[in-house]
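The structure appears below as structure tokens.
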Amino acid sequence: MKRQLASATLLLLLSACAIRGGPELDRTLIPAAPDNWSARPDITTVNDGNADTAPIYPDGWIRSFSDDVLEQAVHEAFAHNRNLQSVLAQLRAARAAMRVSRAGLFPQVDISAGITDAENAATVYDGALAASWEVDIWGRNLALAGAGNADARAAAADFAAARQALAASVARAWYDRSAAALTFDLAKRDLERRQDTLRITNARFRAGLASRLDVRLAQVAVSNSEDRLEAAIRASANAARALEVLTGRYPAGQAAGATDLITPATLPAISAPVSVLANRPDLIAAEARVEAAGLRATDARHAMLPRLNLRFDANSSSGNFGDIFDPGTYINAITGGLLQPLFRGGALLAEADRQGEQARSALFDYAQVTLTAYQEVENRLDAEATLARQVDATATAAEEARAAVILTRSRYINGRSTIFDLINSQTTAIAAETRAIETRRARIENRINLHLALGNEPLSA
């Protein structure tokens, strides 16, 4: 017996020495966080990744837009959006899988009962209880349980990311609706201007002061304006339906929107670069997947080592049915076995290699997601300043273009400007006013995207 135990121990030690090393994951691939954001060094940053630091928006960044109806729409989306519900189901599945992965840490117990009733023979009742447990010598089962736990954390982070993305989509759609309404109003005013020009041109034609060409050009301008109005109507309807789908209201046909395009409040202190690693759900998920992949690589390497299984069996067989409930009738046996994989056609080595490369791939993914996160924040911070200047510039251009239309109309009536001058001034005006709306809309979207890039919570739970 001692010889057998010594042989088994020697086999375990030799196997442990022979195992190939795991993947060497070079974590220096993960870029270090800079001290501050290079795009806006003038903005104060805080390390809100620290649990002791109060978040920048304790109630969520949606409330910084000061719109209760928008906040209600986001809550509706959280409750009814189909995509978010799908991701939530995936999270629940991942948590169930985590519980499955932990099962290998515990003994497996089965119970069975049977009856044999052969012709010309006495009826026999059988009962059996079997318990087995794999001794986790190398930590394989612990590694698989850890991988399942990491998968569940990644799924939880995926859900948080989906929740943040949904809130951002609702806010974008909310202000798309507003921009569409403003564009519609602009198209109506432009049509009225063009119709006014056509009336003036017809009057001048009847008085012999304008040509038939002038009338036709004025009519073309009216038709083009009618086309823009119809496009604005379609864009407004599309924006409303998009909001309805996000919030689960479709096809109610009652999607609201902001009454105007707000001017975002002055940017407060924001998360420091190091905090982004702790705040952004996609980074949290990527890190958890690196951990899970590494643990699975460990399990794959340890699969080449011996396994020690313990088993307990208890059996009873009697012609009396009541005896199978009597522990005294059972015959018990405890056995132990050592299994050393010897030849699997290279499958175990290949699986170890595969899992090792999966771990390396997860690490590269994490590194890339980190770089992308920093890039997104830098881009959004840079756009904060440039878009503010663009909003001022386009507002000035729109104001001057409207004044130019009034002046050119007066000159046309007095015969000092041509129909070409008037139509051109009106075309310039609607282009400038449209650009002003688009720029204001872009500034709001950039602020939304900045919150998303920083990983800020949209609304408190």
Side-chain angles (χ1 to χ4, degrees), residues 57 59-94 155-188 227-262 264 280-282 285 376 380 434 437-461:
Y57 298 99
D59 296 325
W61 62 262
I62 286 290
R63 291 184 180 172
S64 69
F65 288 91
S66 302
D67 192 326
D68 292 338
V69 187
L70 168 59
E71 182 179 338
Q72 179 185 352
V74 173
H75 279 300
E76 282 187 39
F78 286 166
H80 303 296
N81 183 265
R82 305 303 193 267
N83 287 336
L84 189 63
Q85 290 170 345
S86 173
V87 178
L88 179 58
Q90 293 171 14
L91 170 58
R92 290 169 178 160
D158 287 340
F159 176 72
R163 189 174 180 272
Q164 290 185 6
L166 176 59
S169 294
V170 171
R172 291 190 201 102
W174 187 258
Y175 290 108
D176 280 345
R177 184 88 164 88
S178 176
L182 292 175
T183 302
F184 172 75
D185 291 341
L186 175 60
K188 285 201 303 182
D227 174 63
R228 280 191 292 271
L229 180 60
E230 293 301 323
I233 292 172
R234 185 172 64 254
S236 180
N238 290 345
R241 278 190 288 271
L243 188 57
E244 285 185 346
V245 169
L246 287 169
T247 57
R249 295 179 184 176
Y250 181 82
Q254 299 175 350
T259 56
D260 196 6
L261 291 173
I262 64 167
R280 278 191 52 144
D282 56 343
E376 289 174 352
R380 302 309 174 193
T434 300
I437 293 172
E438 291 172 347
T439 308
R440 291 172 63 197
R441 171 66 186 82
R443 189 180 184 189
I444 295 172
E445 179 167 1
N446 187 74
R447 179 62 63 87
I448 294 169
N449 290 338
L450 175 60
H451 290 306
L452 195 60
L454 291 168
N456 293 335
E457 277 294 321
L459 283 174
S460 57

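Residues: numbered from 1 along the sequence shown.
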Hey, does the side chain of Ser86 reach the backbone of Arg82 with a donor-acceptor pair shorter than 3.5 angstrom?
no
Check: Asp158 and Leu91 side chains under 4.5 Å, non-hydrogen atoms:
no
What pair of heavy atoms forms the shortest contact from Arg380 to Asn446, and how long is it?
O-ND2, 2.9 Å
So, the side chain of Gln85 versus the backbone of Ala79: is there a donor-acceptor pair under 3.5 Å, distance only?
yes
Give a yes-or-no answer on whether the side chains of Asn238 and Arg241 include a donor-acceptor pair shorter than 3.5 Å.
yes
Quick one: does Ser236's side chain have a donor or acceptor within less than 3.5 Å of a partner on Ala232's backbone?
no
On the ring face of Tyr175, is Arg441 found with NZ or CZ under 6.0 Å from the centre and within 45° of the axis?
no
Minimal non-hydrogen separation, Ala167 against Ile62, with atom names
O-CD1, 4.4 Å
Heavy-atom closest contact (Phe78 atom, Pro458 atom, distance)
CZ-CG, 4.0 Å
Ser64 side chain reached by Arg447 side chain, heavy atoms, under 4.5 Å
no
Output the distance between atom CD1 (Ile444) and atom CZ (Phe65), rounded to the nearest 0.5 Å.
7.0 Å
Would you say the side-chain atoms of Arg440 pair up with the backbone N or O of Leu261, donor to acceptor, closer than 3.5 Å?
yes
Heavy-atom distance under 4.5 Å between the side chains of Arg163 and Leu166, does that happen here?
no
Can you find a heavy atom in the side chain of Ile233 that is under 4.5 Å from one in the side chain of Glu230?
yes
May I ask you to decide if Ala453's main-chain N or O and Arg280's side chain share a donor-acceptor pair within less than 3.5 Å?
yes
Spatial distance of atom CD1 (Ile448) from atom CZ (Arg172) [nearest 0.5 Å]
6.5 Å
Nearest heavy-atom pair of Leu246 and Ser169: which atoms, and what distance?
CD1-O, 3.5 Å
Using modelled atom types only, decide if a donor and an acceptor are shared between the side chain of Asp59 and the backbone of Ser460 within a distance under 3.5 Å.
no
Gap between atom CG of Leu182 and atom CD of Glu438 - 0.5 Å precision
12.0 Å
Side chains of Thr434 and Leu186 in contact at under 4.5 Å (non-hydrogen atoms):
yes
In the structure I gave you, are the side-chain heavy atoms of Leu70 and Val170 within less than 4.5 Å of one another anywhere?
yes
Would you compute the distance between atom OG1 of Thr247 and atom CD of Glu76 and round it to the nearest 0.5 angstrom?
5.5 Å
CG-CD distance between Leu452 and Glu376, expressed to the nearest 0.5 angstrom:
7.5 Å
Nearest-0.5 Å distance that lies between atom CG in Asp67 and atom OG in Ser178
9.5 Å
Shortest non-hydrogen contact from Ala94 to Ala155?
CB-CB, 3.5 Å
So, for Phe159 and Val87, which heavy atoms are closest and what is the spacing to 0.1 Å?
CA-CG1, 3.6 Å
With side-chain contact (heavy atoms from CB on, under 4.5 Å) as the test, would you mind laying out the steps for Trp174 and Val74 before giving the verdict?
CA-CA 10 Å; Trp174 187 258; Val74 173; over 6 Å; no
